[in-house]
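Taking it in order: structure first as structure tokens, then the write-up.
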Amino acid sequence: MSTIETLVRESFLPFAQPDVDETEIAEVAAVIRSGWLTTGAAAARLESEFAAAVGAKHAVAVNSCTAAMHLALESIKLRAGEEVIVPTYTFAATAEVVRYFGARPVLVGVEPATLCIAPEKVEAAITPRTRAIIPVHIGGRCAEMDELLAIAARHNLCVIEDAAHAFPAKYKGRMVGSMSPFTCFSFYATKTLTTGEGGMICTESELFADRCRVMCLHGISRDAWKRYSSEGSWYYEIIAPGFKYNLTDIAAAMGLAQLRKADRMYRRRAQIAERYTAAFRELPELETPPDAPADGQHSWHLYMLRLNLDTLTIDRARFFEELRARKIGASVHFIPLHLHPYYRQTYGYKPEDFPIANREYRREISLPIYSKMTDDDVEDVINAVSDIVGRNRC
Ligand SMILES: *Cc1c(COP(=O)(O)O)cnc(C)c1O
């Protein structure tokens, strides 16, 4: 076998990279030149264009997906001591927003194939204090929404989708963003559409949309000056202690440019996923991520490969280092919440509480998948992974 030097790339391939070019720069420059920098016409346009793209009735632009989920829970008046069901297999944000209210995130296990929240485990975790379920479409493959919406309807719970990975994803022919009371998207730098930092709340309810709009800007209502026309347009009323979660027009301008190429970016990621799966399906040491069913669409935000550890002489940590040695960036999604000190100390979670999540986490490794990757980049990843497997079989 050749030494690994023969296939090491010249430059490091980052795990993630935004697909930005002169179009984003031109849109942002136009906003800066206009003199209106904060929330204004560009944010309003991003809201209507994004709502149209995902089939949402209402969309409210905010400065992160975390803010979006916080505002969704605020809209349903979550209170201290109440409970919200959250998968353990997710990022910090999904559960921390529940803690903002002094409410309890109740962690629930996931399905081994998709790593999404397991509906039957949701049902078992419901108590009289439960108010909402926050499913996460991990990597961009949808959770079992029909089952979850049915459970929510039976128990009078709200569903708030953490769709940070799920633009543009589909479930049974429906776009993510059009299915439940709230869908929260992230425009963070590594996500499938980026504004640097940013997010969007999609909702079916005008009432919820209005509440999110008020609460994302200090709880200030501007309806007041409409009602009392004798007052000037300077008049406003504070109706609640709100937050400062609005999206700037600078960020929104970038989002508008991104939205115009979202379809091209998606198709390129899907193509890369297909190439990876064709190459890795043949290797018994690897388990490729399941695509969406025929009536769905995986957004391919992440390509979550899993290692069949009992067929390899190395663990995931070493696999990761071997990729680095071949100048390929990778990542791990996610360290389950129940393994983190805060959730262990606050709620007494133990590692053995979620054996499936633990097992899958130990063998997961996410490969680069973004539209700026060239065909050569994709082949470099395939060659590196295949080489590591070949050198470390049992
Ligand atoms: C990135 C991410 C978030 C948070 O998004 P922000 O826009 O950074 O607040 C929430 N949930 C998941 C699953 C994520 O990956």
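Both ligands and their constituent atoms are indexed starting at 1 by order of listing.
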State the atoms of ligand 1, each with its element, that fall below the 4.0 Å cut-off from a heavy-atom position in [X].
X    : value
G198 : 7 (O)
A164 : 2 (C), 3 (C), 10 (C), 11 (N), 12 (C), 14 (C)
T90  : 13 (C)
V136 : 13 (C)

Between [X] and [Y], is the ring centre distance below 6.0 Å?
X    : Y    : value
Y361 : Y89  : no
F243 : H218 : no
H338 : F354 : yes

For this session: May I ask you to decide whether E82 forms a salt bridge with R104, counting only side-chain N to carboxylate O separations under 4.0 Å?
Result: no
Exercise. Below 4.0 angstrom, N of the basic side chain to O of the carboxylate: do R362 and D315 qualify?
Worked result: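 D315 and R362: not salt-bridged.
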For this session: Between S64 and ligand 1, find which residue part has any heavy-atom pair under 4.0 Å and reply side chain, backbone, both or neither.
Result: both
Exercise. Any idea which part of A93 is under 4.0 Å from ligand 1, heavy-atom wise: side chain, backbone, both or neither?
Worked result: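 For A93, the contact with ligand 1 is made by the side chain alone.
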Seminar exercise, completed: Min over K191, H137, H165, E96 of heavy-atom distance to atom 3 (C) of ligand 1 lands on K191
Exercise. Can a non-hydrogen atom of A68 be found less than 4.0 Å from any atom of ligand 1?
Worked result: no
Answer yes or no: does an N/O atom from [X] fall short of 3.5 Å to an N/O atom of ligand 1?
X    : result
F334 : no
Y188 : no
S186 : yes

For this session: Specify whether F91 and F334 have parallel, tilted or perpendicular ring planes, treating 30° as the upper limit for parallel and 60° as the lower limit for perpendicular.
Result: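 F91 vs F334 ring planes: tilted.
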Problem set entry | Minimum-distance protein heavy atom relative to atom 11 (N) of ligand 1 | D162 OD2, 2.7 Å
Exercise. Tell me: protein heavy atom nearest atom 9 (O) of ligand 1, and distance?
Worked result: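 Result: T66 OG1, 2.5 Å.
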For this session: Check the side chains of Y347 and Q345 for a donor-acceptor pair under 3.5 angstrom, ignoring hydrogens and angles.
Result: no
Problem set entry | 4.5 Å side-chain heavy-atom contact, R264 and K261 |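 Of all side-chain heavy-atom pairs linking K261 with R264, at least one is under 4.5 Å.
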